[in-house]
There are 2 protein chains.
Amino acid sequence: MTTRWLTPEEQRAWRAYIAGYLLLEDAIDRQLQQEAGMPHAYYSILANLSDAPERRLRMTDLAERLKMTRSRLTYAVTRLEKDGLVRREDCEWDKRGSVAVLTDQGMAVLESAAPGHVDTVRTLLFDRLSPEQVGQLEQIFTQVAQGLQGDGGEAAPDELPWRRRSSPCSGTPQPDDRAT
Amino acid sequence: MTTRWLTPEEQRAWRAYIAGYLLLEDAIDRQLQQEAGMPHAYYSILANLSDAPERRLRMTDLAERLKMTRSRLTYAVTRLEKDGLVRREDCEWDKRGSVAVLTDQGMAVLESAAPGHVDTVRTLLFDRLSPEQVGQLEQIFTQVAQGLQGDGGEAAPDELPWRRRSSPCSGTPQPDDRAT
DNA sequence: TCCCCTTGGTTCAAGTTTGAAACAAACCTA
DNA sequence: TAGGTTTGTTTCAAACTTGAACCAAGGGGA
């Protein structure tokens with residue numbers, strides 16, 4: 001099949017997208033590095049844990065939510081643990097498991113960094129978009145993400161027995177926020 | 001000033017965007033790594049050079065176009081040079097300068113990798129978007145990027161004398177394509 | 001129960017990225 | 001034209017990411 005190249009419109013969109021997200025991620029990374037001493041991905045780990053029940057999540061769950069590889073997460077959590085922001089605990093009913101828990105210190109760091117981070121995201125992104133564009137952005141990337149993870153199947157996450165034991169290693173999502 | 005947190009709509013958009021671009025970049029990187037033995041950023045270097053007049057560009061110009069730091073580019077070009085895909089030459093009228101040139105071999109590698117890459121971008125992104133969404137994507141990220149580079153001022157790049165000497169170290173943009 | 005296959009996590013080496021120097025050439029100004 | 005600043009590029013160490021092993025432990029099934 002003879003390659004279907006990108007149309008001029010697609011090329012422009014692609015270029016704009018690449019430039020935009022590179023600049024945006026760069027700016028966010030720098031801001032967080034300066035004000036919180038960690039890259040965006042690490043901040044996201046803290047933010048994600050803070051939203052989870054009991055501030056704890058199993059490594060694999062966390063990795064999946066953050067779209068990180070497990071080894072990357074292992075490395076990151078090790079660093080955050082050294083900094084005292086996260087603690088690792090064993091999962092009781094699955095001896096293979098490891099649970100990352102946000103410490104009080106981690107929560108404190110997160111709370112002190114959050115305003116600056118949110119402000120950056122707002123200033124650099126949302127303040128420049130109309131409400132309609134915010135909706136379009138969500139719609140576009142939701143479609144893209146679905147195609148990329150849905151591909152695998154993602155069996156409906158219905159009642160996996162161990163997810164409900166009284167003292168869960170990980171919990172279920174929750175809409176709260178510190179902006180990723 | 002008391003932080004203006006993200007609205008629910010903004011939160012959803014932000015989360016979708018983060019997940020989407022992480023998955024997308026990951027997929028693109030893996031595809032290129034497998035089929036061309038290099039990450040997306042490196043492919044972009046080749047693609048960008050191939051579009052430039054005489055397939056050559058000064059390091060700084062290249063870095064700016066690709067939104068890369070200079071040191072990152074230095075490292076990348078050194079690697080590509082080892083692979084024989086790019087060659088470095090001295091800039092004649094500015095002895096500080098260094099020019100990256102795409103070799104024939106580099107061009108060949110690029111051309112063999114392009115179809116697969118474009119196909120990936122198309123399948124994962126454009127085939128999932130309506131024509132309107134493609135336009136929205138461009139518009140949104142153009143606005144974002146403008147805010148991020150325009151901030152610095154970016155004095156109108158009017159006639160810098162050396163840019164026009166008969167045998168330019170770098171040239172001017174050009175709309176052609178191999179999908180970044 | 002004994003195997004074998006899958007799953008959850010970590011480890012290790014190799015490759016990349018970052019940011020802060022270090023240099024050298026080009027520019028400007030007095 | 002000497003001296004100081006800016007610009008173009010590389011270098012270096014430290015941090016981060018990747019992917020391929022590796023090591024349990026869990027889950028069947030014969």
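Numbers restart at 1 for each chain; the letters A, B, ... are given by sequence-line order, proteins then strands.
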Once you round it to whole Å, what is the distance between [atom2] of [N] and [atom1] of [X]?
X       : N      : atom1 : atom2 : result
B:Asp94 : C:dA24 : CG    : P     : 15 Å
B:Glu81 : D:dT10 : CD    : C1'   : 13 Å
B:Met68 : D:dT9  : CE    : C1'   : 15 Å
A:Lys95 : D:dG27 : NZ    : P     : 12 Å
A:Leu22 : C:dT17 : CG    : P     : 11 Å
A:Tyr43 : D:dA15 : OH    : P     : 23 Å
B:His40 : D:dT18 : NE2   : P     : 15 Å
B:Arg58 : D:dT10 : CZ    : P     : 10 Å

Original post:
When the nearest nucleotide of DNA chain C is assigned to A:Asp29 and to A:Met59 on a heavy-atom basis, which residue is associated with the more 5' position?
Top reply: A:Met59
**OP:** Report the residue (A:Arg96 or A:Arg30) whose heavy-atom-nearest nucleotide on DNA chain C is the more 5′ of the two.
**Re:** A:Arg96
Between [options], which is the residue that forms a side chain to side chain contact (heavy atoms under 4.5 Å, CB included) with [X]?
X       : options                               : answer
A:Arg87 : A:Val99, A:Val77, A:Thr103, A:Leu102  : A:Thr103
A:Tyr17 : B:Val144, B:Ile140, B:Leu24, B:Val134 : B:Leu24
A:Cys91 : A:Arg58, A:Met59, A:Arg56             : A:Arg58

Subject >> A:Gln34-A:Arg30 side chain donor-acceptor pair, cut-off 3.5 Å >> reply: no
Original post:
If you find the nucleotide of DNA chain D closest to B:Ser98 and the one closest to A:Thr69, which residue's nucleotide is nearer the 5' end?
Top reply: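 Result of the comparison: B:Ser98.
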Original post:
Listed by chain and number, what are the salt bridge (Lys or Arg N to Asp or Glu O under 4.0 Å) partners of B:Asp127, not counting sequence neighbours?
Top reply: A:Arg4, B:Arg122
Original post:
Taking the inter-plane angle between the rings of B:Trp14 and A:Phe126 on a 0 to 90° scale, is it parallel (under 30°), tilted (30 to 60°) or perpendicular (over 60°)?
Top reply: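 Plane angle over 60°, so perpendicular.
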**OP:** Report, as a single string ordered 5' to 3', how protein heavy atoms within less than 4.0 Å touch nucleotides 11-16 of chain C: B base, S sugar-phosphate only, - not at all.
**Re:** B---SB
Subject >> Test log, rule side-chain hydrogen bond (donor to acceptor under 3.5 Å, both in side chains), inputs A:Thr78 and A:Arg88 >> reply: CA-CA 9 Å; A:Thr78 301; A:Arg88 254 191 261 248; 2.7 Å; yes
